[in-house]
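Convention: sequence-line order gives letters A, B, ...; per-chain numbering from 1. All of these numbers come straight from a predicted model, not from anything done at the bench.
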Number of protein chains: 2
Amino acid sequence: MNALPAESIDCIFADPPYNLQLTGELRRPNDSVVDAVDDDWDKFASFSEYDAFSKAWLAAAQRILKPSGTIWVIGSYHNIFRLGAQLQDLGYWMLNDVVWRKSNPMPNFRGKRFTNAHETLIWCARSQDAKGYTFNYDAMKALNDDLQMRSDWLIPICGGSERLRGADGAKTHPTQKPEALLHRVIVASTKPGDVILDPFFGSGTTGAVAKRLGRHFIGIERDKTYAKAAERRIATVQPSTPDDVEVTRSKKDEPRIPFGWVVERGLLPAGTVLVDPTRRHSAKVRADGSLVTADASGSIHKIGAHVMGATACNGWTFWHIVVEGKLVPIDVLRQKLRAELP
Amino acid sequence: MNALPAESIDCIFADPPYNLQLTGELRRPNDSVVDAVDDDWDKFASFSEYDAFSKAWLAAAQRILKPSGTIWVIGSYHNIFRLGAQLQDLGYWMLNDVVWRKSNPMPNFRGKRFTNAHETLIWCARSQDAKGYTFNYDAMKALNDDLQMRSDWLIPICGGSERLRGADGAKTHPTQKPEALLHRVIVASTKPGDVILDPFFGSGTTGAVAKRLGRHFIGIERDKTYAKAAERRIATVQPSTPDDVEVTRSKKDEPRIPFGWVVERGLLPAGTVLVDPTRRHSAKVRADGSLVTADASGSIHKIGAHVMGATACNGWTFWHIVVEGKLVPIDVLRQKLRAELP
DNA sequence: CCCGAAGTTGAATCTTACA
DNA sequence: GTGTAAGATTCAACTTCGG
């Protein structure tokens, strides 16, 4: 990076090592071993060593950014907080933090934590007084069904035919990012003809998407295997013509409403008694949204089936609350909640 | 906080000042002024002043946390990266970062950034080697329609009748958190009877939800107006009965039943043949509760792992008896035994 | 060739009690 | 402190295999 001229880059996308600090192996319930990211390039002796590494490349990035340029940095909780603090200390000016919500994350196999279902991106201008950075507000709005693009993006992880694999079927790069993520980053914050730098090029997703979208790119990669794979990959990419309208509409995720949310939001206090349409059966609501009867506990659906002696049951229409002597199906509470969703 | 005894707190929820650094006022497209957070308590002269403040209270928090205690810290991109780095530097061990997705965020009025639609929570154990922290995995799963709870939570901002307002209709506190958010935090990471500390009590959401869910709480608040409002608010809260705050329990909490007892009690006579779900493997029960195959003997778990060629196995769910041609897991015998126990 | 079942896999800081 | 054993634990997407 130090070889590049000062103030020459429009946008930087950086996906640095995450410093995962994994110890031992993790197995799925079916006893198979999780293929962890245990590459040498992700290992640092300490936080301070990682910080020194980060500070060096972030400072180098700042020098080569145009005054109107912006930088994107992606990470997980292992490293993103350190990177964010460094960005602020170096005088970068945060514009947004953006959450990449994975539609298909790896589950938590031991049941000891929440499913780690997102990564965080930080988007910064070069300095507080930097003016004139690119944000294609209307393109983002169009991409989001004419609503302002929010700071949480739902995008699947990289797999299928998009994922680069060797002859043996093994992943070419352990952490290849999905092109949809780069597509949104590049459409949001650059113009056609801009120069985009990726200092941790890896499998070259940034280059592939930049080329397709008519942006120039510079990729820096230390590992020759990765670099060659990226080169081959990008060679096959067809740039779109300027008047090509890229429309990757956001997949509207059908709002699934777990019953627990109804309790959590206070629409139904813990301890409320629900009854079935005949009032023959009843069950009590607990704080976690499960139901209890004299001899069982579980979801509204399971307990509904249980008291009927059936194999399945739609708890939303089966269970009712009693309001002024009248039965009201709990489904009306779900509808109330749905109306509030984005 | 320094007045509290060491290792006395089960859980801390902290919503510190955000260090917003707003300059000038922000106007909506219709020229009305946005009521921004511009209180004195949110002003810090520099990042390093904010860091010193953060380090002081985070260290004090670490002292009074039980070894098995956990801490939650919430913030936005203005401060959360600094807090996250500090937590790591102090030796806290991150369990998750969690994204609060706001279903109804304030739109971005200038069209120069993404709509800031989320805040970030960090959940930490007191140290890397801290074991036995509370995570009510099954309760979270119940709350989410029997799917693992993810690290992104969709919850509306605090408004309507929940929002505290003065006689003039003005917000009592500028950053009052929704009770639904605290509900999830408290149900996830504490048990009934636990002590929860909130060092930035504000309008007292933590106290209100803690009281309702049968947890003890300690609130610290410098501003007397806020403290009084919180006191009045919490006085009106009705605690749920102990039964109602029970949540779905983990299997680990159930009393342990050695397989030998099943044989001893005559639920399974010695000599019974057990099979795995595919009926590919079988083993015979001996009078001491061990299993034998052609080439090995040992516990239900050891032999299960052995016949599968796996490193581990839950024998209770792996082995089955054949009843009228159907497979029944031996776990039902354990449940039968558990039901008989005091 | 099609369809359903079965198997594989993904940036993961992933157990606990007791001897 | 350490070692051993009990036994709890997964979602969505893609690929492969068998009929």
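A:Trp153 carries A:Arg184 over the face of its six-membered ring, with the cationic atom under 6.0 Å from the centre and within 45° of the normal. Cation-pi check for A:Lys112 over B:Tyr133 is met; the charged atom lies under 6.0 angstrom from the ring centroid and within 45 degrees of its normal. For the pair A:Arg82 and A:Phe47, the cation-pi test (distance below 6.0 Å, angle within 45°) is passed. For the pair A:Lys43 and A:Trp41, the cation-pi test (distance below 6.0 Å, angle within 45°) is failed.
Rounded to the nearest Å, the gap between the P atom of D:dA8 and that of C:dT13 is 23 Å. Nucleotides C:dG7 and C:dA11 place their C1' atoms 23 Å apart, quoted to the nearest Å. When the C1' atom is used for both D:dT9 and C:dA12, the distance is 14 Å, rounded to whole Å. For D:dG18 and C:dC1, the C1' atoms lie 14 Å apart once the distance is rounded to whole Å.
In this entry the distance linking CD1 of B:Ile300 with C1' of D:dA8 reads 13 Å, nearest Å. Across the protein-nucleic acid pair, A:Gln176 atom CD and D:dC14 atom P stand 14 Å apart, rounded to whole Å. Taking atom CG on A:Asp31 and atom P on C:dC14, their separation rounds to 17 Å, with Å as the unit. Remark: C1' of C:dT13 and CD of B:Gln88 are 10 Å apart, rounded to the nearest angstrom. For the pair A:Tyr50 OH and C:dT13 P, the computed distance is 15 Å after rounding to whole Å. If you measure from atom CG of B:Asp145 to atom C1' of D:dC11, you get 14 Å, rounded to the nearest angstrom. Distance, A:Ile157 CD1 to C:dT9 P: 13 Å, rounded to whole Å. With rounding to whole Å, B:Arg256 atom CZ is found 5 Å from D:dG7 atom P.
Mapping A:Arg28 and B:Leu95 onto DNA chain C by nearest heavy atom places A:Arg28 at the nucleotide closer to the 5' end. When each of A:Gly159 and B:Arg334 is assigned the nucleotide of DNA chain D with its nearest heavy atom, B:Arg334 is the one assigned upstream, toward the 5' end. Of the two residues near DNA chain C, A:Asn30 and A:Gln21, the one whose nearest nucleotide lies more 5' is A:Asn30.
Listed nucleotides: D:dA6, C:dT13, C:dG10. Nearest to the side chain of B:Met94: C:dT13. Side-chain atoms of B:Gln148 lie closest to D:dT10 of the nucleotides C:dT13, D:dA8, D:dT10. Ranking C:dT13, D:dG7, C:dA11 by closeness to the B:Trp316 side chain, first place goes to D:dG7. Checked against D:dA6, D:dT9, C:dA11, the side chain of B:Lys251 finds its nearest nucleotide in D:dT9. Listed nucleotides C:dA12, D:dG7, D:dA12 differ in distance to A:Val34; the shortest reach to its side chain belongs to C:dA12. The side chain of A:Arg113 sits closest to C:dC14 out of C:dA12, C:dC14, D:dT10.
Within 4.0 Å (heavy atoms only), A:Glu119 reaches at least one base atom of the nucleic acid. Nucleic acid contact for B:Ile257: sugar-phosphate only, since backbone atoms but no base atoms lie under 4.0 Å from a heavy atom of the residue. Residue contacts for B:Ser299: at a heavy-atom cut-off of 4.0 Å it reaches the sugar-phosphate backbone alone, with no base atom in range. Using a 4.0 Å heavy-atom criterion, one finds that A:Asn19 contacts no nucleic acid atom at all. Using a 4.0 Å heavy-atom cutoff across all strands shown, A:Pro178 reaches no nucleic acid atom at all. At a threshold of 4.0 angstrom between heavy atoms, the contacts of B:Asn96 with the nucleic acid are absent. Residue-level contact check: B:Asn314 touches the bases, meaning some heavy atom is under 4.0 Å from a base atom. Across all strands shown, A:Gly24 has heavy atoms under 4.0 Å from base atoms, whether or not it also approaches the sugar-phosphate. When heavy atoms are screened at a 4.0 angstrom cut-off, A:Pro105 is found touching base atoms of the nucleic acid. At the heavy-atom level, A:Cys158 lies nowhere under 4.0 Å from the strands shown. No contact: A:Arg27 has no heavy atom under 4.0 Å from any strand. If you check every strand for non-hydrogen atoms under 4.0 Å, A:Thr175 touches a base.
OP1 or OP2 of D:dG7 sits under 4.0 Å from a side-chain N or O of B:His301. Residue A:Asn104 places none of its side-chain N or O atoms closer than 4.0 Å to OP1 or OP2 of D:dC11. Of the side-chain N and O atoms in A:Ser161, none sit less than 4.0 angstrom from OP1 or OP2 of D:dC14. Side-chain N/O atoms of B:Arg150 include none lying less than 4.0 angstrom from OP1 or OP2 on D:dA12. Between B:Lys141 and D:dT10 there is a side-chain N or O to OP1 or OP2 distance below 4.0 Å. Taking only side-chain nitrogens and oxygens, B:Tyr92 never comes nearer than 4.0 Å to OP1 or OP2 of C:dT13. Taking only side-chain nitrogens and oxygens, A:Lys102 never comes nearer than 4.0 Å to OP1 or OP2 of D:dA12. OP1 and OP2 of C:dT15 both lie 4.0 Å or more from every side-chain N or O belonging to B:Lys131. The side chain of A:Asn108 contributes no N or O atom lying less than 4.0 Å from OP1 or OP2 of C:dA12.
Just one residue in the list B:Thr70, B:Thr190, B:Leu121, B:Val73 forms a side-chain contact (heavy atoms from CB on, under 4.5 Å) with B:Phe13, and that residue is B:Leu121. In summary, of the residues considered (B:Val273, B:Thr272, B:Val328, B:Leu327), a side-chain contact (heavy atoms from CB on, under 4.5 Å) with B:Val322 occurs for B:Leu327 alone.
If you check distances only, the side chain of B:Lys252 never reaches the base of D:dA6 with a donor-acceptor pair under 3.5 Å.
A stacking contact between A:Phe109 and C:dC14 is absent: the pair does not combine a ring-centre distance of less than 5.5 Å to the base's six-membered ring with planes differing by less than 30°.
Between the CG atom in B:Asp97 and the OG1 atom in A:Thr120 there is a gap of 5.0 Å [rounded to 0.5 Å]. Atom NE2 in B:His320 sits 10.0 Å away from atom CG in B:Leu274 (nearest 0.5 Å).
In this structure, C:dG4 and D:dC17 make a Watson-Crick or G-U wobble pair, each of the two defining distances being under 3.5 angstrom. With both pairing distances under 3.5 Å, C:dT16 is matched to D:dA5 as a Watson-Crick or G-U wobble pair. The partner of C:dG10 is D:dC11, judged by Watson-Crick or G-U wobble contacts that both fall below 3.5 Å.
For C:dT8, the base is anti relative to its sugar; the glycosidic angle deviates from 0 by more than 90°.
Checking A:Tyr50 against A:Asn79 by side-chain atom types alone, a donor-acceptor pair falls below 3.5 Å.
Using a 4.5 Å cut-off on side-chain heavy atoms (C-beta onward), A:Leu20 and A:Ser76 make contact.
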